[in-house]
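Just so you know, ligand 1 is whichever comes first in the structure, and atom 1 is the first atom listed for that ligand. Below, all heavy atoms of this structure are taken into account, side chains as well, without hydrogens, waters or symmetry copies.
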Amino acid sequence: MKENSKKTRPIWLDEDLKVIKIIDQRRLPHEFVIEDLKTVDDVIMAIKEMYVRGAPLIGATAAYGVYLAALNSPGTTISKDYLKKECGRIKSARPTAVNLIWAADRVLSKILEVKNARKVIDIAKEEAEKIADEESDNCRKIGEHGLKLIEEISRNKKGKTVNILTHCNAGWLACVEYGTATAPIYAAFDTGIDVHVWVDETRPLNQGARLTAWELGEYGVKHTVITDNAGGHLMQHGMVDMVIVGTDRTTYTGDVANKIGTYLKALAAKDNNIPFYVALPSSTFDWSLQNGINEIPIEKRDPDEIRYIQGLDNNTIRSVLVPPPKSHVANYAFDVTPARLVTGFITERGICKATENDIKRLFPEKRQAKMTA
Ligand code: MRU
């Protein structure tokens, strides 16, 4: 490790205000490398290639991307068409996480009508910084609300270990700070609750085995990495008290898109009467979509992410081929868990059921029938 990761955000604006600094998540946990993003093309590449990943962080990166677009605008004025075009390019970097569209549009809406170029740049910077700070604060509040659920389980178990299963990485690396799914876990750990996390390895890119396990280990939280298919068995044997996952896009009716395999965990949890919670900031709700299975775009990624597995060999990160080279491979990156399988949402405003009514009880300003994301 080149640096202590504990207090670092996965993204920040450099002191010279011209460069966005990110942690290259592709290389964790074996190498801690910080990269510079200087242009919109750099931002798009970092999102596409998953140097940065996780819905809230993708949003923050997109917001800084719109700032870089303004900063690097050719000429002395900044045209609306240019800003819209650059914002559009950023928004198409990845399809599933709605935070990307939400954050880019939020910055754009603040600057589109501003005439003075200096002001455009300043406002874009302020808004991007605000989004990163707000996401951090939202995750802290998600931790406070989710803590109550873990406290209750701990009380019912008379202080015995609370076992929580999570999928992918919905930790601080994915979210600016605290994480979504991990925020209640960190909060429980901080209050002295005996907590242990089952970490799904999360093939093909192993965000669980690489990133969640690393984060939890750095914080001192007990955890065990398991194969993606182990959860059902553990649930049948009383070894899981609750599941908490993050999400990339959740409809206003409560359907949840998250990393591929989440749906199967939700099915197993339902069959075993285990609470299945989804932790998310309001930026991850898509207020325009009603039916997650039919309407949420599911990313299909490069089949080579499945063909090759990456790990450390003699202090060098290497990739090795797994299936026969000629076998057809399909890489679906997300799935949708229907609302009926979700026990509840943990948001910055509190906990609600996975129903339109209860979601809108927490977010009454979204009560109009159909809205844009
Ligand atoms: O493909 P990724 O690594 O960007 O997928 C991330 C996830 O699926 C996370 O669970 C989700 O973004 C929630 S992050 C708080």
Side-chain angles (χ1 to χ4, degrees), residues 9-11 22-26 28 46-62 93-103 132 135-136 138-143 146 165-186 197 199-212 214-215 228 243-250 256-266 276-286 292 296-302 305-306 310 331-337 342 345-348:
R9 282 184 175 188
I11 192 163
I22 55 157
I23 299 172
D24 181 355
Q25 301 194 19
R26 302 166 315 153
L28 286 171
I47 296 172
K48 266 191 205 293
E49 301 300 324
M50 293 174 65
Y51 288 61
V52 290
R53 28 72 47 204
L57 179 61
I58 290 173
T61 312
R94 284 187 80 187
T96 304
V98 76
N99 304 59
L100 173 60
I101 303 165
W102 170 84
E135 289 301 48
S136 162
N138 287 339
C139 286
R140 186 182 53 74
K141 289 177 184 154
I142 287 169
L165 185 142
T166 193
H167 191 67
C168 196
N169 171 262
W172 67 264
L173 285 164
C175 299
V176 187
E177 283 186 272
Y178 306 100
T180 53
T182 55
I185 296 169
Y186 290 133
V197 184
V199 179
D200 280 355
E201 59 176 350
T202 318
R203 283 282 287 142
L205 295 180
N206 291 313
Q207 290 95 326
R210 293 188 304 107
L211 306 176
T212 305
W214 179 69
E215 270 193 29
D228 291 327
V243 179
I244 314 180
V245 296
T247 165
D248 288 80
R249 192 186 293 228
T250 288
V256 172
N258 192 46
K259 181 54 54 190
I260 193 80
T262 303
Y263 170 47
L264 295 179
K265 293 298 130 65
F276 181 96
Y277 280 94
V278 178
L280 73 165
S282 48
S283 54
T284 307
F285 279 110
D286 187 328
I296 297 179
I298 298 297
E299 181 177 21
K300 270 185 88 180
R301 292 187 59 84
D302 187 342
E305 290 180 353
I306 291 181
Q310 178 184 291
N331 188 3
Y332 295 92
F334 297 93
D335 60 24
V336 174
T337 300
V342 177
F345 292 119
I346 312 170
T347 79
E348 73 267 23

**By ring-ring contact (aromatic ring centres under 6.0 Å, His included) - contacts of Phe345 (at least two apart)** = Phe285
**Item:** Presence of salt bridge, Asp286 and Arg249, under 4.0 angstrom
**Value:** yes
**Prompt:** Measuring from each atom of ligand 1, which residues have a heavy atom under 4.0 Å away?
**Reply:** Met50, Arg53, Gly54, Ala55, Pro56, Arg94, Cys168, Asn169, Ala170, Ala174, Cys175, Thr180, Gln207, Gly246, Thr247, Asp248, Asn258, Lys259, Phe334
**Asked** Which residues satisfy the side chain to side chain donor-acceptor pair (under 3.5 Å) test with Glu299, sequence neighbours excluded?
**Response** Arg94, Arg301
**Asked** For the residue pair Ile346 and Ile142, what are the closest heavy atoms and their distance?
**Response** CG2-O, 3.5 Å
**Item:** Closest approach of Glu215 to Tyr186 (non-hydrogen atoms, all atoms of both residues)
**Value:** OE1-OH, 2.8 Å
**Asked** Excluding sequence neighbours, so at least two apart, what forms ring-ring contact (aromatic ring centres under 6.0 Å, His included) with Phe334?
**Response** none
